2 protein chains.
Amino acid sequence: MKQSKTMELKKPVRVSLARQVLTAMESMIRSGKWKVGDRIPAEAELARAFSVSHNTIREALQSLIHMGMLEARPGDGTYVMASDRFAVAVSNRLKESELPQILEARLALEKEIARLAAVKRTDEDLKELENALKDCHGRVRQGIEDDMLFHAAVARATHNPVLSELYNVVIRHVQENLEKLLQEKQYDSGAMKLHDDLLAAIRKQEADEAENIIVKIVEFDTVSIGGAFIS
Amino acid sequence: MKQSKTMELKKPVRVSLARQVLTAMESMIRSGKWKVGDRIPAEAELARAFSVSHNTIREALQSLIHMGMLEARPGDGTYVMASDRFAVAVSNRLKESELPQILEARLALEKEIARLAAVKRTDEDLKELENALKDCHGRVRQGIEDDMLFHAAVARATHNPVLSELYNVVIRHVQENLEKLLQEKQYDSGAMKLHDDLLAAIRKQEADEAENIIVKIVEFDTVSIGGAFIS
DNA sequence: TTGTATTTGTACGTATGTATG
DNA sequence: CCATACATACGTACAAATACA
């Protein structure tokens, strides 16, 4: 009875000061003016800079803190912890999920990403994929990290930010779990040849083939994790 | 040099009052004590209820407001707008995305969801799917809404909350776009027979068949939207 | 070890704008 | 037009935690 009286009109004409400060700070972070790890100016200084009160600054800061983009350290300062609220929110959700569920989500995204990359890749994408794969072959030690970068490059080749951003968050969690489980054990990706095959399929723009290869790659990672669990 | 002085120890012993209030409020919303659409108590009342200051309450409220779970209406009150911060964050990200990209994400999720539902469905899941499909056949008018509920039931049958929660957000955006584009036009889902086929495939636990059917269903929706765009 | 400055955390009070009846 | 209730904003003060000399 109260919400839709005259009409279901939105009237965001009025934007609170705290929200203005919040968006200003968020854009400072997104633009890189405040980088991850930086300590931002003290509340009093920000209040002077924005010409608003201490409490207004505090409201904006607390919002960013609660959503995980900033961290306040009493007696020290306030530090930038992340640069993307979407990634933070998805990451927090994944943290309270089981690994098998995350791996299923990864497979869902990765299969379609492989297909789309094969269909939509440009010549520039191919260059980047070749470079990423070269890094994989070069270093044996940091296999997992380079492996992730190659997959991220494939995701970028879909030219679909929704899919690639989502995938990046998911694959980061998978990577962290892989690192925990296979600490000393050489990663040594037996999937290395499969990566060459994947690049070849994407180059030929063969979607079905790309998907089949990705399935094998993900299966490889999955049994690695599963094996580490059992043994 | 500053963050890891003695050790990289976490010390979550100290939890700010505002954060305690925030989590308390968030659990009130998640638990359903504060439902979507409800007006929550005034700030002064909350301050008394939680035995904290007006500003502390305000900090917690503003955080929930800024992340989209609450909405403050001056001279009126504060209302609950959403019940899940993860869903809100994903939804906000989708709002600034193009429909084709959202549809690609939907296809990625839906294909794997169909496979997993076929593999993992229980007899209880089958019951729910049959009921949801019955509703689809019953009403012709609200085709889109019931259609969405059936797909949501399929997602639930995967028993993977990550996938199903993500899918629910995505499909809601697709639905809203469908409704906008096909307002008066009867939805009349030519995909209706396909839904029967999908249920049959899930019943037989045939993953490949379920995936193939889902691809056809999504294609149907996609051309509906595309056609509406062109004409 | 001690003390001091800095910074965040908590709290109260006050004034103003805005919607409702 | 007035009274009420609520949100918004500011100012101030002090407490607690940390850094650094």
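Protein chains get the first letters and strands the later ones, always in sequence-line order, with residue 1 at the start of each. As the structure is a prediction and not an experimental result, all values here were calculated from the model.
Toward the 5' end of DNA chain D, the nearer of the two residues A:Pro74 and A:Arg19, judged by each one's closest nucleotide, is A:Arg19. Comparing A:Gln20 and B:Glu45, the nucleotide of DNA chain D nearest to each residue sits closer to the 5' end for B:Glu45.
Listed pair A:Arg58 / C:dG9 meets the phosphate criterion, a side-chain N or O lying under 4.0 Å from OP1 or OP2. Contact annotation: A:Thr78 side-chain N/O to C:dT8 OP1/OP2 distance is under 4.0 Å. Between D:dT8 and B:Gln62, a contact under 4.0 Å exists linking OP1 or OP2 to a side-chain N or O.
Salt bridge present: A:Lys120 and B:Glu104 bring a charged side-chain N and a carboxylate O closer than 4.0 Å. Ion pairing of A:Asp221 with A:Arg106 is present here, as a side-chain N (NZ or NE/NH1/NH2) and a carboxylate O approach within less than 4.0 Å. Look at A:Arg19 and A:Glu59 and you find no salt bridge, because none of the NZ, NE, NH1 or NH2 atoms lies under 4.0 Å from a carboxylate O.
Residue A:Arg73 contributes atom CZ, which lies 16 Å from atom C1' of C:dT6 at whole-angstrom precision. Distance CG (A:Leu46) to P (D:dC10): 14 Å, rounded to an integer number of Å. The CG atom of B:Leu61 sits 14 Å away from the P atom of D:dA9 (whole-angstrom rounding). D:dT8 atom C1' lies 16 Å from atom CG of A:Leu22, rounded to whole Å. With rounding to whole Å, B:Ile57 atom CD1 is found 14 Å from D:dA7 atom C1'. Nucleotide D:dG11 holds its C1' atom 14 Å from the CD atom of A:Glu59, rounded to whole Å. Across the protein-nucleic acid pair, A:Glu43 atom CD and D:dA16 atom C1' stand 14 Å apart, rounded to whole Å. For the pair B:Tyr79 OH and C:dT20 C1', the interatomic distance rounds to 11 Å; values are reported in whole Å.
Between the side chain of A:Ser51 and the backbone N or O of A:Ala47 there is no donor-acceptor pair closer than 3.5 Å. A distance-only check finds a donor-acceptor pair linking the side chain of A:Ser97 to the backbone of A:Arg93 [under 3.5 Å]. Of the possible donor and acceptor atoms, one in the side chain of A:Asp84 sits under 3.5 Å from a partner among the backbone N and O of A:Phe86.
Closest to the A:Ala42 side chain, of the nucleotides C:dT8, D:dC6, D:dT8, is C:dT8.
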Legend entry - Letter per nucleotide, 5' to 3', of nucleotides 11-16 of chain C [B base touched, S only sugar-phosphate touched, - untouched; heavy atoms, 4.0 Å]: BB----
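Figure legend. C:dT1 is base-paired to no nucleotide; pairs are counted as Watson-Crick or G-U wobble with both atom distances under 3.5 Å.
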Could you list the donor-acceptor pairs under 3.5 angstrom formed by side chains in residues 166-174 of chain B, with sequence neighbours left out?
{"residue": "B:Tyr167", "atom": "OH", "partner": "B:Glu110", "partner atom": "OE1", "Å": "2.8"}
{"residue": "B:Tyr167", "atom": "OH", "partner": "B:Glu110", "partner atom": "OE2", "Å": "2.9"}
{"residue": "B:Tyr167", "atom": "OH", "partner": "B:His151", "partner atom": "ND1", "Å": "3.3"}
{"residue": "B:Asn168", "atom": "ND2", "partner": "B:Ser164", "partner atom": "O", "Å": "3.2"}
{"residue": "B:His173", "atom": "NE2", "partner": "B:Ser91", "partner atom": "O", "Å": "3.4"}
{"residue": "B:His173", "atom": "NE2", "partner": "B:Ser91", "partner atom": "OG", "Å": "2.9"}

